[in-house]
Amino acid sequence: MANALSVPLAKSKALSGRSILLQVIMGIVTLLYIYPILNMVFLSLKEMSEIYENPLWIPVNATLENYRVAWETMGYPRAFLNSLSITLVSIALIVLVSSMAAYPIARYNLRFTRIMYVVFVSIIMVPGQMTLIPIVRMFYSIGLVNTRLAMIVYYLSAEASFAIFLYAGFIRTIPRELEEAAIIDGCGPFAAFSRVVLPLLKPVTATVIILNIMLIWNDFLMPLVLVQSDRVRPLMPTISQFFEEFISRWNYAFAGSVMVVIPGLIAFLALQKQFVSGIAAGAIK
Amino acid sequence: MATTAATLSRTSRSQTSRLLRVAFLFMLPALLFVLIFKIIPIAVSFYYSLYSWDILDVTRRFVGLENFRRFFETPQAIGALRNTVLYAVVVSVAKNLAGLLIALALNKPFRSSRIMRVFILSGTMVSLVISGYTWSYILHPSLGLGPLLERLTGLGFLNQDWLGNPNLALYSVMIVSVWQITGKYMIIYLAGLQTVPVELYEAARIDGAGRFSQFSRITVPMIMPAITIGVMNAMIFSLKVFDEIFTMTKGGPGFASETLSTYLHSQAFFFTGRAGYASATAVILFFLVMAFSAVLLVFFRKKEADVYG
C-alpha cells in the first residue's frame, strides 16, 4: 500500500496563479481543521476570567494552574494506566489469537475452515450495539463487570474477526515453500506456524495494531456501560465524566482534555507512516 | 491399482481428519471468544427483543413482537430512527466528498501538502469524544465562534445556539462528525489516487480531454474501489453514531438529535424494565445496517467478497 504521507517532494517550481489560489484555499481549510485543537490548548492555559474576555484566541496570561487542578481531580495517572493496560493486553491477544486462527483458514482447504471464514467475515459488519445489552448482562452475572478483564475480553471478541480477515488475506500471499521445507525438516504444524509464518506477518500485524490502538484507546460506549468504578475506568469515559462535573469550568475541562490527547498525538507523530498505511489498509472495515 | 487407490483415499481421509484436528486447535481460542462473547450475544439480542425484561433479570415475560410495535408507535423512537437515517445519509456523502476534495487538492508533491495532511488528520487522532467537547465550545452561543463570525461578516444567522436549537442540533453534530473523520477519508482517497497511472492523464491530454472529463472518465472509474470502500465504511459507522451525540447534545434539546444508539443506551441503562425494548431497538439498528449495506453493495455492483477482497 502506497504511503499517503510520504510522496517524494518536488523541487519548488514557479507557481501559477491558479495553484497559488488553491494553496490559499487549502491553507484556510487546514486552519479550519487545526483551530479547534489549538483553541482547546489556548483554553487550557487561561483563567476563567480571561476566557470571558478572550474566548477564542491565544492566552495573554497563560497559567498551568488548570493542569494542576485537572491532574489532581480527574485521577489522570490511574485512567491512563487503565487505558494503556487494556489497550496493550487486548491487542497482544488479538494479534496472537487472530493470526493463529487465520493460519488454517489460509492454508488448509477444508469445509470446516471455509465455513469458519464465512462466519468470521459475516460478523464483522454487525454493530456492537447488538451485543451491548447481552454482554453487560453476562458480565454482571459472571462478576466481570467493573474489571479491566471484562474490557479485554470484549475487545478480543469484538475485534478478532476483522483481524482474522486481514491475517488470512496476508498469509495467502506468502509462498508455501518455506513452511513445506520446515515440515520436511520435521517441524510440526505449530512450530511451522510460530517459527516460519509468524515472523513474516510483521506488515499486517502493524496494520492490526494501529487499527486496534485507535479503536480501543478511543472507545467510549463500552467502557461507559461496563465500568462504574473509578478504579478501572479508562481515559475516554473519565474525561467525559470530568466534563459533566466541570460543566462551565472550561479551563479545567480542557486542561484534562489536552492531557487525554497527548499520548495519542505522541504515538501518531512517532508512528506517522504506520498510522497512515494502517488507516489505508484497514479502511475496508 | 485398486488397492493403491483405496490406500490413497484412506491415507488422504486420515490426513484430512488430522488436518481438521490441527485446524480446530489453531482456531480454538478465537472460536471460543467469538462464539461466547460475540455470536451468542447477537443471538441473545434477538431473543431479548421478544421479552419484557429488565437488565437485572427480576422479571422476564414473553411479549412476542410487542416491543417492536411499541417502537413504531413511540414518536421519540420514530424520531430517533428518522434522525439516524438522515444523519447517516448526509454524513456519509459529506465525509466522502470532503475526503475526496481534500485528497485531490493535496495529492501534490509539495512540502506544504504534507503538513496540511497531518493537520487535517488531527481530528481523527484526538478521538470523537474530545472532538465533541472542543466543538461544544466552538458552537457555544456566547463564547464560541458565532458572535465573532457575526461581527466579522454581519451575517446574523451565523450567531446561533447551534446545539441548543432543536432545528439545528443534529446538523451541528453532523458538521463535527465530518470534521473529525475527514482525515481518514483523505487517506483512503490519497491511497486510491496514487494507484491511477499518470500515463492515462498524459494520453487523455494528447487526445484533448479537459480537466473535468479527465476527472470523470479517468479518476472516478480508477478510484471506484476507494469510493466503494469509503461509502460503505461511512454508512456503517454513521448508522451507529453515539460518541459525538452523547458528548454534544445527549440527544437533545428534547429528543431533537436522538439517534438509535443514544436511544437504546438511555432506554437500557437509565430506565428499569426496558432492556427488552432496548434490545428490540438494537435489532432494528442491526436490520438498518444490513439493509443499507445490501443496497450499497447492489449499487456498487459488487459482491461482498469483492469488497472484502
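Each chain gets a letter, A, B and so on, in the order the sequences are listed, and its residues count up from 1.
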Enquirer: Where on A:V119 is there a heavy atom nearer than 4.5 Å to chain B: the side chain, the backbone, both, or neither?
Expert: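 Interface part for A:V119: side chain.
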Enquirer: Name the option with the most non-hydrogen atom pairs under 4.5 Å to chain A; the candidates are B:T182, B:L148, B:L143, B:V22.
Expert: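 Among B:T182, B:L148, B:L143, B:V22, the one with the most close pairs to chain A is B:L143.
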Enquirer: Counting heavy-atom pairs under 4.5 Å to chain A, which of B:H140, B:M290, B:M125, B:Q180 comes out on top?
Expert: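 Maximum pair count with chain A is reached by B:M125.
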Enquirer: Can you tell me which portion of A:I51 sits under 4.5 Å from chain B's heavy atoms? Options are side chain, backbone, both or neither.
Expert: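 For A:I51, backbone and side chain are both near chain B.
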Enquirer: Taking A:Q129 for the side chain and B:K240 for the main chain, is one N or O donor matched with an acceptor at less than 3.5 Å?
Expert: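 Yes.
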Enquirer: Is A:Y154 in contact with chain B via its backbone, its side chain, both, or neither, using a 4.5 Å heavy-atom distance?
Expert: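 Neither the backbone nor the side chain of A:Y154 comes within 4.5 Å of chain B.
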Enquirer: Would you name the heavy atoms of A:I133 and B:A278 that are closest together and state the gap between them?
Expert: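 Result for this residue pair: CD1-CB, 3.5 Å.
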Enquirer: Check the angle between the aromatic planes of A:F220 and B:F242 and answer parallel, tilted or perpendicular using the 30° and 60° thresholds.
Expert: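 Rings of A:F220 and B:F242: tilted, as their planes differ by 30° to 60°.
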Enquirer: Relative to chain B, which segment of A:I105 carries a heavy atom at a distance below 4.5 Å: side chain, backbone, both, or neither?
Expert: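 For A:I105, the contact with chain B is made by the side chain alone.
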Enquirer: Is A:I164 in contact with chain B via its backbone, its side chain, both, or neither, using a 4.5 Å heavy-atom distance?
Expert: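 Contact with chain B involves the side chain of A:I164 alone.
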Enquirer: With no hydrogens and no angle check, do the side chains of B:Y133 and A:S257 hold a donor and an acceptor under 3.5 Å apart?
Expert: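 The criterion, which ignores hydrogens and geometry beyond distance, is not satisfied for A:S257 and B:Y133.
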Enquirer: Side chain from CB out, backbone as N, CA, C, O: work out which of these in A:S98 comes under 4.5 Å of a heavy atom of chain B, or both, or neither.
Expert: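 It is neither, since no heavy atom gets under 4.5 Å.
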Enquirer: side-chain contact (heavy atoms from CB on, under 4.5 Å) between B:F119 and A:I37: does it pass, once the steps are laid out?
Expert: CA-CA 10 Å; B:F119 283 166; A:I37 311 287; over 6 Å; no
Enquirer: Are any of the side-chain heavy atoms of A:P104 and B:M27 separated by less than 4.5 Å?
Expert: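 Yes, their side chains come closer than 4.5 Å.
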Enquirer: Check the surroundings of atom CZ in B:F24: do more than 12 heavy atoms from other residues, nucleotides or ligands lie under 6.0 Å from it?
Expert: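 At most 12 heavy atoms, drawn from other residues, nucleotides or ligands, come within 6.0 Å of this atom.
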Enquirer: Examine whether an atom of A:I123 lies under 4.5 Å from a heavy atom of chain B, and if so say whether it belongs to the side chain, the backbone or both; otherwise answer neither.
Expert: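 Both the backbone and the side chain of A:I123 come within 4.5 Å of chain B.
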Enquirer: Using distance only, find each side-chain donor-acceptor pair of residues 30-40 of chain B under 3.5 Å and give its atom names and separation, not counting sequence neighbours.
Expert:
none

Enquirer: Can you say whether A:M26 sits under 4.5 Å from chain B via the side chain, the backbone, both, or neither, judging by heavy atoms?
Expert: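 For A:M26, backbone and side chain are both near chain B.
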Enquirer: Give, as side chain, backbone, both or neither, the part of A:V126 having an atom under 4.5 angstrom from any heavy atom of chain B.
Expert: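 For A:V126, heavy atoms of backbone and side chain both lie under 4.5 Å from chain B.
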Enquirer: Quick one: do B:Y137 and A:M40 satisfy side-chain contact (heavy atoms from CB on, under 4.5 Å)? Show the steps, please.
Expert: CA-CA 9 Å; B:Y137 183 90; A:M40 172 172 82; over 6 Å; no
Enquirer: Name the member of B:L193, B:L106, B:V129, B:V44 that forms the most heavy-atom pairs with chain A at distances under 4.5 Å.
Expert: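 Option with the greatest count: B:V129.
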Enquirer: Using 0.5 Å steps for rounding, measure from the CG atom of A:N218 to the CD1 atom of B:I130.
Expert: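 Rounded to the nearest 0.5 Å, the CG-CD1 separation comes to 9.0 Å.
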Enquirer: Under 3.5 Å, side chain of A:W217 to main-chain N/O of B:S127, donor-acceptor pair present?
Expert: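 Pair absent, no side-chain N/O of A:W217 close to backbone of B:S127.
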Enquirer: For B:T134 and A:P36, which heavy atoms make the closest approach, and how far apart are they?
Expert: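 B:T134 and A:P36 have their closest heavy atoms at CB-O, 4.0 Å.
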Enquirer: Which heavy atom of A:S240 sits nearest a heavy atom of B:F246, and at what distance?
Expert: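 Scanning both residues, the minimum pair turns out to be OG-CE2, 3.9 Å.
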Enquirer: Under the side chain to side chain contact (heavy atoms under 4.5 Å, CB included) rule, collect the residues that match up with B:L149, sequence neighbours excluded.
Expert: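 Result, side chain to side chain contact (heavy atoms under 4.5 Å, CB included) vs B:L149: B:L145, B:L158.
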Enquirer: Tell me, side chain or backbone of A:M138 under 4.5 Å from chain B's heavy atoms, or both, or neither?
Expert: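 For A:M138, the contact with chain B is made by the side chain alone.
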Enquirer: Testing the basics here: between A:M100 and B:P29, what is the closest heavy-atom pair and its distance to 0.1 Å?
Expert: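 So the minimum-distance heavy-atom pair works out to CE-CG, 4.4 Å.
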Enquirer: Heavy-atom pairs under 4.5 Å with chain A - which of B:T247, B:T195, B:L239, B:I102 has more of them than the others?
Expert: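 The candidate making the most pairs under 4.5 Å is B:I102.
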Enquirer: Between A:F193, A:F243, A:Y103, which shows the greatest number of heavy-atom pairs under 4.5 Å with chain B?
Expert: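 Looking at each of A:F193, A:F243, A:Y103 in turn, A:F243 comes out on top.
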Enquirer: Flag the one option from A:P189, A:A163, A:A267 with the top tally of heavy-atom pairs under 4.5 Å to chain B.
Expert: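 Winner by heavy-atom pair count: A:P189.
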Enquirer: Do you know the tightest heavy-atom contact between B:S293 and A:M125?
Expert: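 Nearest pair, atom of B:S293 first, then A:M125: OG-SD, 3.5 Å.
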Enquirer: Yes or no on side-chain contact (heavy atoms from CB on, under 4.5 Å) for A:L224 and B:H265, after CA distance, side-chain angles and deciding distance?
Expert: CA-CA 10 Å; A:L224 188 69; B:H265 173 256; 3.7 Å; yes
Enquirer: Checking B:L20 against A:Y108 for the side-chain contact (heavy atoms from CB on, under 4.5 Å) test, could you report, in this order, the C-alpha distance in whole Å, the side-chain angles of both residues, the deciding distance, and whether it holds?
Expert: CA-CA 8 Å; B:L20 194 63; A:Y108 304 163; over 6 Å; no
Enquirer: Measuring from atom CG of B:L264 to atom CG of A:L132, what distance do you get when rounded to the nearest 0.5 angstrom?
Expert: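 Taking CG in B:L264 and CG in A:L132, the distance rounds to 6.5 Å.
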Enquirer: Counting heavy-atom pairs closer than 4.5 Å to chain B, which one of A:L32, A:V153, A:L265 comes out on top?
Expert: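 Top count of heavy-atom pairs under 4.5 Å with chain B: A:V153.
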